[in-house]
*Asks:* 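I have a structure I would like to understand better, so I am pasting it below and will then ask my questions one at a time.
Everything numeric here is computed off the predicted structure, so don't read it as measured data. Counting convention: from 1, in listed order, for ligands and their atoms alike.
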Amino acid sequence: MSNRVVNVLAAASVAGLMFALFGMSSGNAAGAGPAEQVKDRQQTMKKLGGGMGAVAKYVKNEGGTLEDAAKGAEAVLAVSKVDPKAIFPEGTAVGVTDSAAKPELWKNWAEVQRYWSAIQPAAEKLDAAVKSGDRAQIAQALGATSRTCGSCHEDFRVKKD
Ligand code: HEC
């Protein structure tokens with residue numbers, strides 16, 4: 001075997017090893033443990049909350065700029081496109097660290113998918129409203145988007161006091 005071939009083979013096997021070692025934890029929820037998956041979900045939800053908050057700040061004239069509102073709406077829209085299976089992997093209900101996801105969520109998966117897929121069209125309208133700059137229209141779209149969050153939280157999220 002020439003040196004060159006040996007080097008190529010060595011490089012390939014190192015790459016394979018690296019993948020085996022780190023491939024599973026490359027931010028892909030499918031390979032992460034339940035505690036990590038709960039944390040990921042809560043962070044994803046925080047992105048939604050932050051995005052909605054940025055739009056609300058503009059609507060309420062609390063110092064939020066239209067630019068921040070646009071970023072917020074885009075964040076909500078981006079998250080709405082994530083497959084709910086990746087956000088709600090099985091085995092991450094209440095009991096896993098501080099998960100507030102009710103076990104019923106996995107028993108009513110069709111409903112979860114319905115709730116989840118309602119976010120995207122609402123977020124698209126929100127995004128368009130923010131781009132129009134019309135505060136009343138934004139407020140209306142924000143309310144509609146927020147209801148898509150609330151219905152799922154009402155059914156499948158443990159209330160924290
Ligand atoms: C299909 C169901 C569902 C939808 C739709 C949904 N959520 Fe959630 N949300 C949950 C569940 C379940 C939890 C609890 C997660 C946990 O503790 O693991 C949660 C938690 C949260 C949290 C708290 C995160 C934390 O720090 O613990 C925020 C904020 C949040 N959601 C915002 C939103 C917003 C904003 C929307 C709409 C744009 C939304 N969610 C849509 C199910 C949903």
*Asks:* Give the other cluster members for Val96, using side-chain heavy-atom distances under 4.5 Å between Ile, Leu, Val, Met, Phe, Trp and Tyr residues; answer none if it is isolated.
*Replies:*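 Its cluster mates, by chain and number, are Val38.
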*Asks:* For distances below 2.8 Å, what is the count of protein N, O or S atoms around atom 8 (Fe) of ligand 1?
*Replies:*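 For atom 8 (Fe) of ligand 1, protein nitrogen, oxygen or sulfur atoms under 2.8 Å: 2.
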*Asks:* Would you please name every residue forming a side-chain hydrogen bond (donor to acceptor under 3.5 Å, both in side chains) with Ser146, sequence neighbours left out?
*Replies:*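 Residues passing side-chain hydrogen bond (donor to acceptor under 3.5 Å, both in side chains) with Ser146: none at all.
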*Asks:* What's the spacing between Lys46 NZ and Lys39 NZ if we round to 0.5 Å?
*Replies:*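 Rounded to the nearest 0.5 Å, the NZ-NZ separation comes to 10.0 Å.
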*Asks:* How far does CD of Glu67 sit from OH of Tyr58, to the nearest 0.5 angstrom?
*Replies:*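 Rounded to the nearest 0.5 Å, the CD-OH separation comes out at 12.0 Å.
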*Asks:* Show the atoms of ligand 1 that are less than 4.0 angstrom away from any heavy atom in Leu105.
*Replies:*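 Here the atoms of ligand 1 in question are 12 (C).
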*Asks:* Give yes or no for whether the N/O distance cutoff of 3.5 Å, strictly under, is met between Tyr115 and ligand 1.
*Replies:*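 The answer is no, given that Tyr115 and ligand 1 share no N or O pair closer than 3.5 Å.
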*Asks:* Could you tell me the separation between the CZ atom of Arg157 and the CE atom of Met45, rounded to the nearest 0.5 Å?
*Replies:*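 The CZ atom of Arg157 sits 8.0 Å away from the CE atom of Met45.
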*Asks:* Heavy atoms only: which of Lys47, Lys46, Gln120, Gln43 is nearest to atom 26 (O) of ligand 1?
*Replies:*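 Going through Lys47, Lys46, Gln120, Gln43 one by one, Lys46 has the nearest heavy atom to atom 26 (O) of ligand 1.
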*Asks:* To the nearest 0.5 Å, what is the distance between CG (Leu126) and OG1 (Thr148)?
*Replies:*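 It is 10.0 Å, given to the nearest 0.5 Å.
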*Asks:* Side chain, backbone, both or neither: which applies to Ile119 and ligand 1 if a contact is any heavy-atom pair less than 4.0 Å apart?
*Replies:*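 For Ile119, the contact with ligand 1 is made by the side chain alone.
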*Asks:* If you look only at pairs with a residue in residues 117-130, which of them pass as a salt bridge (Lys or Arg N to Asp or Glu O under 4.0 Å), with sequence neighbours excluded?
*Replies:*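 Applying salt bridge (Lys or Arg N to Asp or Glu O under 4.0 Å) to every pair that reaches into residues 117-130, excluding sequence neighbours, yields Asp127-Lys131.
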*Asks:* Just which atoms of ligand 1 are under 4.0 Å from any heavy atom in Met52?
*Replies:*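 Once the distances to Met52 are compared, the set is 35 (C).
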*Asks:* Is the closest N or O pair between Gln42 and ligand 1 shorter than 3.5 Å?
*Replies:*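 Between Gln42 and ligand 1, an N or O pair is found under 3.5 Å apart.
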*Asks:* Test of understanding: clusters of I, L, V, M, F, W, Y form through side-chain heavy atoms closer than 4.5 Å, transitively. Do Val158 and Leu48 belong to the same one?
*Replies:*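 No, because Val158 and Leu48 fall into different hydrophobic clusters, even though each may have its own neighbours under 4.5 Å.
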*Asks:* Which atoms of ligand 1 have any heavy atom of Ala101 under 4.0 Å away?
*Replies:*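 Near Ala101, meaning under 4.0 Å from one of its heavy atoms, ligand 1 has 12 (C).
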*Asks:* Taking C-beta and beyond as the side chain, do Glu74 and Val130 meet within less than 4.5 Å on heavy atoms?
*Replies:*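 A side-chain contact under 4.5 Å is absent here.
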*Asks:* Considering only protein heavy atoms, which is closest to atom 16 (C) of ligand 1, and at what distance to one decimal place?
*Replies:*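 Answer for atom 16 (C) of ligand 1: Ala100 N, 3.4 Å.
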*Asks:* Do any nitrogen or oxygen atoms of Arg41 lie less than 3.5 angstrom from nitrogen or oxygen atoms of ligand 1?
*Replies:*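 Between Arg41 and ligand 1, an N or O pair is found under 3.5 Å apart.
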*Asks:* In Å and rounded to the nearest 0.5 Å, what is the CZ to CD distance from Arg41 to Gln37?
*Replies:*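 Rounded to the nearest 0.5 Å, the CZ-CD separation comes out at 8.5 Å.
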*Asks:* Measure from the side-chain N and O atoms of Ser99 to the backbone N and O of Gly95, and report whether any donor-acceptor pair falls under 3.5 Å.
*Replies:*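 No: the side chain of Ser99 does not pair with the backbone of Gly95.
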*Asks:* Look only at the side chain of Asn108 and the backbone of Glu111, and say whether a donor-acceptor pair between them is shorter than 3.5 Å.
*Replies:*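 Answer holds: no.
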*Asks:* Quick one: which ligand 1 atoms are inside 4.0 Å of a heavy atom on Ser99?
*Replies:*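 Here the atoms of ligand 1 in question are 17 (O), 18 (O).
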*Asks:* Which atoms from ligand 1 have a heavy atom of Thr148 less than 4.0 Å away?
*Replies:*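 The list of qualifying atoms is 5 (C).
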*Asks:* Given that the side chain starts at C-beta and the backbone is N, CA, C, O, which of these parts of Val79 lies under 4.0 Å from ligand 1, counting heavy atoms, or is it both or neither?
*Replies:*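 Neither; no heavy atom under 4.0 Å.
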